[in-house]
Amino acid sequence: MIINLVKNLAILLIKSTIQSTALCNNCQLSTVPNNLPQQTEKIFLDRNLLKILQDGCLSRYPSLRTFSCANNHLRTVEENVFSKSPLIENLNFADNELQNEHKQVAHSLSSLTQLKTLDLSGNGLTEDMVSLLIQNLSSLETLYLSRNAMLRLDESTFKGLHQLKELNAERNLLFEIDGAFDHMRKLERLNLAFNCLPCLVNFEMTQLRVLNASHNSIEWFITNQNINETFQLETLDLSDNLLLFFPFLPLQNHIQNLILSSNLIDFYQGFSNDSSLNWTNSVEYYNLGKNVGNVTADLWSESLHGDLSHVELLDLSENKVKYFPEGFIQQMPCLYWLKLRSNCLQSFSLTPEDLSVTVYELDVSKNRLTELRTRQHSISELNNLTHLNLSANDLQNLPPRIFSSLPSLMTVDLSHNPVGVCNSEEPEYTSSSECVAWSNMVSLKHLYLSDCSIENIPSSAFKGSALTHLELSNNPYLQIKQESLASLSSTLQHLGLGNTGLGDFDFSPYSRLKSLNISKNSISELPASLMSLNLNLLDLRDNMLTTITEEHAAMLAQRLQAVYMNGNAFNCCHLDWFKTFEEYNDINVVDLSEITCLDLNHRWHKVVLFDAVRCGNFNYEESIVWYILLCASVSLSIMGISIIYLLTFKPKMLPRVIKKRCWRPTSY
Ligand SMILES: *[C@@H]1O[C@H](CO)[C@@H](O)[C@H](O)[C@H]1NC(C)=O
Ligand SMILES: *[C@@H]1O[C@H](CO)[C@@H](O)[C@H](O)[C@H]1NC(C)=O
Ligand SMILES: *[C@@H]1O[C@H](CO)[C@@H](O)[C@H](O)[C@H]1NC(C)=O
Ligand SMILES: *[C@@H]1O[C@H](CO)[C@@H](O)[C@H](O)[C@H]1NC(C)=O
Ligand SMILES: *[C@@H]1O[C@H](CO)[C@@H](O)[C@H](O)[C@H]1NC(C)=O
Ligand SMILES: *[C@@H]1O[C@H](CO)[C@@H](O)[C@H](O)[C@H]1NC(C)=O
Ligand SMILES: *[C@@H]1O[C@H](CO)[C@@H](O)[C@H](O)[C@H]1NC(C)=O
Ligand SMILES: *[C@@H]1O[C@H](CO)[C@@H](O)[C@H](O)[C@H]1NC(C)=O
Ligand SMILES: *[C@@H]1O[C@H](CO)[C@@H](O)[C@H](O)[C@H]1NC(C)=O
């Protein structure tokens with residue numbers, strides 16, 4: 001029976017002289033197939049229905065090296081399952097239910113003397129169960145234990161794993177680690193992300209190359225400063241923790257990627273000078289475990305940052321940084337990516353003296369910058385700076401030529417700062433002005449100036465520049481003129497003019513335009529010049545369009561891939577454009593279900609639900625006549641029915657009423 005089943009389930013066998021692989025994933029199997037070639041070296045049984053691996057089920061396959069049984073319902077693995085498969089190097093039991101019978105599983109594993117990689121993720125294991133499961137697996141090099149239930153690790157947990165190079169203990173409930181890795185002299189990659197660790201002190205794993213301790217509750221990261229050895233650490237991820245201080249890194253290290261986003265980091269040199277604050281200068285850590293002495297850290301000393309000379313990526317996004325200590329950034333001569341989004345910086349120095357000339361991407365968005373310090377004569381030395389994000393600050397006055405002196409600058413985001421656009425004919429090197437010049441910037445391709453309170457763009461503003469992407473939206477008083485953008489007509493591919501008080505504008509010269517945003521502009525008629533363009537994306541939201549001529553609709557539908565249209569005042573009885581759009585399958589009306597139209601009685605309808613029959617073939621006056629006729633006939637019928645009712649069921653009432661009304665004695 002199994003033979004048939006297996007045949008039907010199209011097992012793919014890739015035979016070669018070197019190895020053969022059986023892929024039986026997703027096959028509804030409840031046992032290991034017993035009709036695979038004997039020399040099979042890899043068996044994949046992921047996402048099947050196995051509950052138990054019985055003794056002998058693998059004995060046919062003595063050459064087996066990889067056995068993967070992830071995502072089944074395995075509760076147990078009998079003791080001698082692997083006794084005839086001594087060559088297994090790679091075993092995957094992720095996402096099963098091994099917690100209850102882990103003792104038996106441990107016995108079965110202990111015969112695997114060649115095992116190098118073991119995945120026990122997602123099995124509800126505690127640290128004691130783990131400790132037993134790996135007890136005799138001294139050959140292990142890679143161990144995955146994520147999504148289990150470990151609480152604390154100590155020197156007994158991984159006893160014997162001297163060859164381990166990579167350990168993943170992500171998404172457990174770890175709150176304490178006490179000497180658990182001291183004996184693992186080969187450990188290079190350690191992932192402790194998504195646990196509950198409160199601090200990492202006395203860090204001394206010199207051989208480690210990648211440490212990921214993101215998403216914990218770490219307040220302190222302190223290296224053992226007494227170690228006179230270069231740490232091999234290359235990547236340190238401490239993001240999403242509660243760090244108050246910049247981590248105290250090893251004095252000598254190879255850290256290239258330092259990821260510290262989403263913490264509470266600031267620098268506190270001010271405190272150490274302020275004698276009116278009776279603050280303690282150091283903090284001591286006691287009871288860090290048997291092997292660890294007391295650690296004393298000198299809080300306000302800024303020499304404790306350790307060696308930053310190899311850092312290429314520094315991510316300090318979403319912290320509390322108010323300033324950088326003197327010379328801090330200069331300690332990183334290879335810095336390429338400096339990410340400082342969402343901090344509290346008020347001033348930033350864009351000079352080669354204060355910033356490494358290697359910096360390629362600088363993001364200082366969402367700070368409180370009112371000042372950007374530069375030196376006009378030397379700024380061009382920052383010749384690797386390519387992406388610059390200064391959005392959402394309070395920059396008001398800038399040297400007008402500040403950006404044109406950066407030779408590699410490709411992207412600038414100055415959105416949400418009250419800075420205007422200078423006339424390129426104005427004197428070039430004034431120290432500071434309320435506008436920035438964008439002319440003659442050969443490298444600049446993407447410019448974001450949305451919400452900059454721009455009121456005017458001088459006609460030569462972009463002369464000599466070759467922007468492909470210009471975002472000007474949310475400058476409601478802009479009222480852009482035809483000549484303002486004329487010099488960009490042959491290069492622009494995206495133009496954002498949402499909420500810019502757009503009036504008449506001839507788009508026909510912008511022959512390369514692929515994406516246009518003219519939302520929120522009170523446009524009542526689609527500009528005819530759009531028809532000459534080869535647009536892929538058009539945003540027409542929140543305007544005053546009542547309809548689109550059928551000719552225009554057909555042309556748009558042939559070219560556009562995506563269009564946004566809700567928030568207009570479409571006439572429900574002139575929806576031919578909508579039918580045209582429906583006929584063309586290629587166009588995607590992104591907000592289709594939200595588009596509304598107004599009917600004859602000024603009621604709103606969803607365009608998709610509106611039934612055109614309701615518009616009828618008659619005109620408005622006729623419909624009023626029909627309404628009156630309908631009302632009259634209904635009223636007449638109701639009157640008739642009332643009279644009949646009265647006459648039929650209350651015959652006595654009638655005479656009395658008549659009597660009262662007509663024969664009441666009058667008082668003379
Ligand atoms: C590991 O090996 C020791 C000594 O051979 C043995 O006593 C113990 O039972 C083994 N552990 C497991 C889980 O099989
Ligand atoms: C650290 O682990 C988290 C969670 O798995 C992951 O998102 C992040 O990319 C890792 N960091 C690095 C530097 O690999
Ligand atoms: C560190 O080691 C180097 C060379 O091994 C030696 O010259 C130096 O004195 C040592 N420093 C300390 C503080 O032990
Ligand atoms: C603190 O004092 C040191 C030397 O005493 C001085 O160099 C530094 O500028 C002072 N820092 C602040 C923030 O006042
Ligand atoms: C500072 O604190 C120490 C210990 O709490 C105390 O002895 C000392 O008098 C305090 N100094 C001042 C200036 O308040
Ligand atoms: C750590 O500090 C505590 C409290 O001061 C002290 O009792 C203990 O002896 C110190 N331990 C070491 C190893 O210095
Ligand atoms: C510029 O930055 C890029 C970023 O990856 C880097 O590859 C390149 O080496 C840098 N160039 C210089 C001259 O530093
Ligand atoms: C600049 O930063 C803001 C906020 O951090 C972000 O929304 C925007 O996409 C960034 N701009 C560019 C061009 O990446
Ligand atoms: C068009 O611009 C408006 C106003 O800035 C913005 O809200 C909208 O998201 C933009 N449309 C697209 C498709 O990006």
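Bear in mind that the values here come from a model prediction, so they are computed numbers and not experimental data. Remember, it's 1-based here, ligands and their atoms both numbered in the order they're listed. Residues take their numbers from the sequence shown, with the count starting at 1.
Under a 4.0 Å N-O distance rule, the pair Arg341/Glu318 qualifies as a salt bridge. Using a 4.0 Å cut-off between charged nitrogen and carboxylate oxygen, Arg75 and Glu101 do not count as a salt-bridge pair.
Below 4.0 Å from some heavy atom of Ile259 lie the following atoms of ligand 2, by number and element: 13 (C). Under a 4.0 Å criterion applied to the non-hydrogen atoms of Ser214, ligand 2 contributes the atoms 1 (C), 2 (O), 3 (C). Close contacts between ligand 9 and Asp539 involve ligand atoms 1 (C), 8 (C), 10 (C), 11 (N), 12 (C), 13 (C) [criterion: under 4.0 Å to a heavy atom]. In summary, the atoms of ligand 9 found under 4.0 Å from a heavy atom of Ser473, numbered by their order in the structure, are 5 (O). Proximity to Ser519 (heavy-atom distance under 4.0 Å) selects the following atoms of ligand 9: 1 (C), 2 (O), 3 (C). Shown in contact with Arg541 at under 4.0 Å from a heavy atom are these atoms of ligand 9, numbered in order with element: 8 (C), 9 (O), 11 (N), 12 (C), 13 (C).
Every protein residue with a heavy atom nearer than 4.0 Å to ligand 1 is included here: Ala106, His107, Ser110, Leu132, Gln135, Asn136.
Considering both main-chain and side-chain atoms, Thr235 never comes within under 3.5 Å of ligand 2 through any nitrogen or oxygen pair. An N or O contact shorter than 3.5 Å is missing between Lys520 and ligand 9 by distance. For a threshold of 3.5 Å applied to N or O pairs, the pair formed by Arg171 and ligand 2 contains no separation below that value.
Of the N and O atoms on the side chains of Thr76 and Gln104, at least one donor lies less than 3.5 Å from an acceptor on the other residue. Between the side chains of Gln252 and Asp307, no donor-acceptor pair is found at a separation under 3.5 Å. Between the side chains of Ser391 and His416, not a single donor N or O lies within less than 3.5 Å of an accepting N or O. With no hydrogens or angles considered, no side-chain donor-acceptor pair links Lys186 and Gln207 at under 3.5 Å.
Distances from ligand 9 to the non-hydrogen atoms of Glu471 include no value under 4.0 Å. Residue-ligand proximity: Ser450 is placed with every non-hydrogen atom at 4.0 Å or more from ligand 9. Taking a 4.0 Å cut-off on heavy atoms, Asn499 fails to register as neighbouring ligand 9.
Between Phe248 and Phe221, the gap from one ring centroid to the other reaches at least 6.0 Å.
In His215, neither the side chain nor the backbone holds a heavy atom less than 4.0 Å from any atom of ligand 2.
What you find for Ile265 and Asn319 is that their closest heavy atoms are N-OD1, 3.0 Å. Contact record, Val412 with Trp438: CG1-CH2, 3.9 Å, taken as the closest heavy-atom pair. Residue Ala169 comes nearest to Leu192 through the heavy atom pair CB-CD2, 4.2 Å, listed as atom of the first residue, atom of the second, then distance.
A perpendicular orientation is assigned to the rings of His183 and His162, their planes being inclined by more than 60° (bins at 30° and 60°).
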Side-chain donor-acceptor pairs under 3.5 Å in residues 527-534, sequence neighbours left out?
residue, atom, partner, partner atom, Å
Ser529, OG, Phe507, N, 2.8
Ser532, OG, Ser529, O, 2.9

